[in-house]
Amino acid sequence: MNIVWLTPEIPYPPYGGRNGVFNRIVQLSKYHNIYLFSIAYSEEEKNMTGKMEHYCKEVRYYNRSDSKAKTLFKSIVLPYTVASRSLHNIMLDIEELNRRIAIDSVIIDFPNMYLNAKKIAKSNVFITVNQHNIEYKRMREMANIQTISFFKRLAYYIESFRLELYEAWLYRSRIIDSITFFSEDDLQFFGNRWKNCSSDLKVFPLGANCMNSVPAPEKHYILFVGRLDEVAVTNVEAVMWFCDNVLPYIKEKISDVKFIIAGANPSKRIMDRISENIMVIPNYQNLQEVYAQADCVVLPLLSGGGVKGKLLEAAALRRIIITTSKGIEGTKFQNGKHVFLADNPLEFANACIRALEDSSACADMIEASYDLFETCYSWETIGREYSLYLTEKVQIHNVDVNKNGG
C-alpha cells in the first residue's frame, strides 16, 4: 500500500513520544510504501531528512507555522496546538502526491494534525488516527503541574477545553475510519467519552526493540532516561521530585549513590542539579552504553498519560524497575512481579535501596519483566499485527466505497 504518514514533529531521533512514531514507521516500511509529512521545530531540523529516507519513499518537512501572527489569528477559532500544526502547503502536497501515486491510506499521529488531511479525506481514502494519549485530558492534567508557572498552567487549562471541543467535533464527524491507542485504558476512556464515534477502535501497544542486554555494573547507580527539555514537562517534574524528595532518603542509607539523568536537550533546571550525587548525560548516542552504567531504572512520574517507552526499554535491557502508578499505567506490568511500585517518597526510596543493596534477589523480577516485554511489547510483533490490521481495513473500506459508488 501507499501510505501517507502525518506527524506533528520529526520522528528522528526517537526520544520521548517520537519513539513510538519512529518505530511504527520502521516496521510498516517493511510491508508498505511510506510517504512522510512532518513538522520541524527549526530550519536545522528541516534539513535532517537523511535518517527517515532509509524507511520512507519520500520525506517532507515543514516549518511549524507560516508566521506567529497567522497562527494566532487561526487560533481564534482553533486550539493553538491545532492552529500551529495545520499548514496549507501540506494539504496541497498531499493532493499532488495522490495524483501521482494513488494514496491508499493516511496515518495521522495525534488528532491535532487532522486538518492537514481534510481535503484528501474527501477522496474516500482510508484515514486512521494514532492516539498517543487522550490529548485534551493530558493537557488538563498538565495544568496541575506545580513546577511550571501559574500563567502557563492557566493556558494549559483553557486550551484543554478548546481541544476537547475540537476532538468532539472530529470524532462525531464520521470522517475518521479507525483510531488506534497505546493502551486498553485509553481505548475504554475514549469509548465512554465519545459513544457516538463510529470509528473502529483498536489497541496497538507502545513497544521497544529487542536489544542485547548489558551487565549491571554492581554500583549504587540509579538511572532515569527521557526527554529533558521544558516541553517534556512531565519528565522534568519527575526528575525534580526524585532529586528533592527521594534521593535524600537514599543518601542517608547509601552515601555513594549516584543518580544518572540521561536524555535529549536537558533544560537549565536539569543541568543545575549536577552535583556529587547527580550526573547528567545529555543527548546520548547509544542507549545500551547508558544502561551499562546503572543497576536500576526509576520512573518517578507523577502525571502524564499513555504507555511509557522508558518502562519497556528498561524491561528489554533487564534492569530492576522502580516506578510510580503512572509509570505502568496502561500496561500489564504488576507491582511485586515485574516492578517495584511506590507513590510516596519514602516508599520509593526504600524500593531503590532494596534494589541497590540486594540486586541478586531481584533476578526473578527482572526475568518476569523481560518475558512480559518479549511476549507483548516487541516492535517487530506489534508492527506485523499493525500492518495486517491496516491491510484488512483498507480492503474492506475499498469494497464498501465501490459498493456505494464512491
Side-chain angles (χ1 to χ4, degrees), residues 11 13-31 55 107 109 128 130-134 179-190 201-214 223-227 234-235 263 287-288 290-291 294 296-299 301 304-341 362-390:
Y15 297 125
R18 303 182 190 206
N19 174 46
V21 180
F22 174 77
N23 282 289
R24 282 190 176 193
I25 290 172
V26 169
Q27 295 302 323
L28 258 67
S29 70
K30 298 175 182 178
Y31 313 102
Y55 308 105
I107 297 175
D109 271 295
T128 185
N130 292 332
Q131 285 271 10
H132 291 234
N133 309 281
I134 304 299
I179 303 173
T180 68
F181 302 83
F182 281 136
S183 76
E184 192 67 37
D185 290 347
D186 280 353
L187 185 151
Q188 292 297 330
F189 181 92
F190 183 98
L201 308 182
K202 180 74 173 178
V203 172
F204 290 101
L206 190 67
N209 291 307
C210 294
M211 295 173 277
N212 294 325
S213 61
V214 289
L223 175 66
F224 175 88
V225 179
R227 184 174 169 179
T234 55
N235 283 349
L287 184 65
Q288 286 161 293
V290 171
Y291 269 80
C296 63
V297 171
V298 293
L299 285 77
L301 298 159
V307 178
K308 311 302 184 294
K310 52 182 79 70
L311 168 70
L312 306 178
E313 289 171 349
L317 285 163
R318 288 184 164 94
R319 286 298 183 268
I320 306 166
I321 301 165
I322 303 98
T323 180
T324 60
S325 302
K326 278 289 180 184
I328 59 170
E329 194 173 70
T331 73
K332 297 179 181 181
F333 286 79
Q334 298 174 27
N335 180 31
K337 182 176 182 180
H338 307 105
V339 302
F340 289 120
L341 189 151
C362 303
D364 289 345
M365 180 182 287
I366 292 171
E367 288 308 307
S369 180
Y370 179 81
D371 289 344
L372 179 62
F373 153 74
E374 194 173 39
T375 303
C376 300
Y377 299 106
S378 77
W379 274 124
E380 190 169 346
T381 299
I382 294 166
R384 184 166 56 248
E385 292 176 356
Y386 189 31
S387 175
L388 289 172
Y389 169 80
L390 285 175

Check whether more than 12 heavy atoms from other residues, nucleotides or ligands sit under 6.0 Å from atom CD of E380, and answer yes or no. no
Hey, does the side chain of N235 reach the backbone of G226 with a donor-acceptor pair shorter than 3.5 angstrom? no
Residue list, side chain to side chain donor-acceptor pair (under 3.5 Å) with K30, at least two apart or on another chain: Q27
Quick one: does T375's side chain have a donor or acceptor within less than 3.5 Å of a partner on L372's backbone? no
Is it the case that the side chain of T324 and the backbone of L301 share a donor-acceptor pair, with hydrogens and angles ignored and the cut-off at 3.5 Å? yes
When you measure from the side chain of R319 to the backbone of A294, do you find a donor-acceptor pair of N or O atoms at a distance under 3.5 Å? yes
With a 4.0 Å cut-off on N to O distance, would you call E329 and K326 a salt bridge? yes
To check you understand the geometry: which heavy-atom pair defines the closest contact between A315 and I321, and what is its length? N-CD1, 3.8 Å
Check: L28 and I107 side chains under 4.5 Å, non-hydrogen atoms: yes
Going by the rule side chain to side chain donor-acceptor pair (under 3.5 Å), which residues pair with Y386 if we only count those two or more places apart in sequence or in a different chain? N130
Hey, does F182 have a side-chain heavy atom less than 4.5 Å from the side chain of L187? no
Smallest heavy-atom separation, H132 atom then D186 atom, equals O-OD2, 4.1 Å
All salt bridge (Lys or Arg N to Asp or Glu O under 4.0 Å) counterparts of E385, not counting sequence neighbours: none
Side-chain heavy atoms of F340 within contact of C362, under 4.5 Å: yes
